[in-house]
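What follows is a short report on a single structure.
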Amino acid sequence: MRKQIVAGNWKMNNDINETKTLLNELSLQSQSANATIIVAPAYINLKYAVDTLQNGSILVASQNMHFASHGAYTGEISASMLKSIGVNIVILGHSERRAYFNETSDLLVQKVDAALANNMDVIFCFGEELKDRKEGKHFEIVKN
């Protein structure tokens, strides 16, 4: 049987104190052998999360990543920057990034290619929106 993944994307939530509390609470929970647990805190809390969880079974992912390895991309983060702090998983394709930041399929291909070229695991979101889920259309969107 395929191992399940439970990933929590914290989006733009949790300052460092809230992050410390949540990670401590998660670390105290018993882990299922059938599921991989992944957290994706905000960028400013990634290193803290990696350091805190390094001896446990909970993994840390980045919520996003730029396709370029370096350059004048203000506010962005590269695969090598993530890997340098111990983050080897990236979540790409969020519906809100598609909607608010106009991320296209072509751009996402570049990001996925960059992640894979850097030996990162990718959790790819298909971009379904909350209204699609509420209307029961999310499986249809994923199939298409």
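What you see below is based on every heavy atom in this structure, not just the backbone, and it leaves out hydrogens, waters and symmetry mates. FYI, the numbering just counts along the sequence from 1.
- Considering CG of Leu92 and CG of Leu108, their distance stands at 6.5 Å, rounded to 0.5 Å.
- Between Leu53 and Val39 the shortest side-chain heavy-atom distance falls below 4.5 Å.
- Although no hydrogens or angles enter the test, the distance criterion places a donor-acceptor pair under 3.5 Å between the side chain of Asp15 and the main chain of Glu18.
- Minimum interatomic distance between Ser78 and Ala68 (heavy atoms only, all atoms of both residues): CB-O, 3.5 Å.
- Proximity of a side-chain donor or acceptor of Asn118 to a complementary backbone N or O of Ala114 within less than 3.5 Å is detected.
- Salt-bridge formation is not detected for the pair Arg98/Glu103: no Lys NZ or Arg NE/NH1/NH2 atom is positioned less than 4.0 Å from an Asp or Glu carboxylate oxygen.
- Side chain of His94 to backbone of Glu96: no donor-acceptor contact under 3.5 angstrom is found.
- No path of Ile, Leu, Val, Met, Phe, Trp and Tyr side chains, each step under 4.5 Å between heavy atoms, connects Phe67 with Ile123, placing them in separate hydrophobic clusters.
- Under the 4.5 Å side-chain heavy-atom criterion for ILVMFWY residues, a single connected hydrophobic cluster contains both Val90 and Ile85.
- Remark: the backbone N or O of Asn64 is paired with a side-chain donor or acceptor of Tyr43 at under 3.5 angstrom.
- Between the side chain of Thr52 and the main chain of Ala49, no donor-acceptor pair closer than 3.5 Å is present.
- In this structure, Leu116 is not a member of the same hydrophobic cluster as Ile91, with clusters built from ILVMFWY side-chain heavy atoms closer than 4.5 Å.
- Put simply, the side chain of Lys20 reaches to within 4.5 Å of the side chain of Ile16, judged on heavy atoms.
- Residues Asn17 and Thr21 fail the side-chain proximity criterion, which asks for heavy atoms closer than 4.5 Å.
- Residues Met65 and Met81 fall within the same hydrophobic cluster, defined by Ile, Leu, Val, Met, Phe, Trp and Tyr side chains chained together at heavy-atom separations under 4.5 Å.
- There is no path of hydrophobic side-chain contacts, each under 4.5 Å, that joins Tyr73 to Met120.
- With contacts defined as side-chain heavy-atom distances shorter than 4.5 Å, the pair His70/Glu76 does not qualify.
- Summarising the geometry of Ala61 relative to Leu46, their closest heavy-atom pair is O-CD2, 3.4 Å, with the distance given to 0.1 Å.
- Under the side-chain contact (heavy atoms from CB on, under 4.5 Å) test applied with Leu26, the options Leu22, Asn24, Leu28 reduce to a single match, Leu22.
- Counting only N and O atoms by type, the side chains of Asn119 and Lys83 include no donor and acceptor under 3.5 Å apart.
- Residue His66 holds its NE2 atom at 12.5 Å from CG of Leu82, rounded to the nearest 0.5 Å.
- Checked by atom type and distance alone, the side chain of Gln63 pairs as donor or acceptor with a backbone atom of Lys11 at under 3.5 Å.
- From Ile38, atom CD1 reaches atom CD1 of Ile5 across 5.0 Å, with rounding to the nearest 0.5 Å.
- Atom CG of Asn55 sits about 10.0 Å away from atom OG of Ser27, to the nearest 0.5 Å.
- Taking the side chain as every heavy atom from C-beta outward, Leu59 and Ile89 approach each other to under 4.5 Å.
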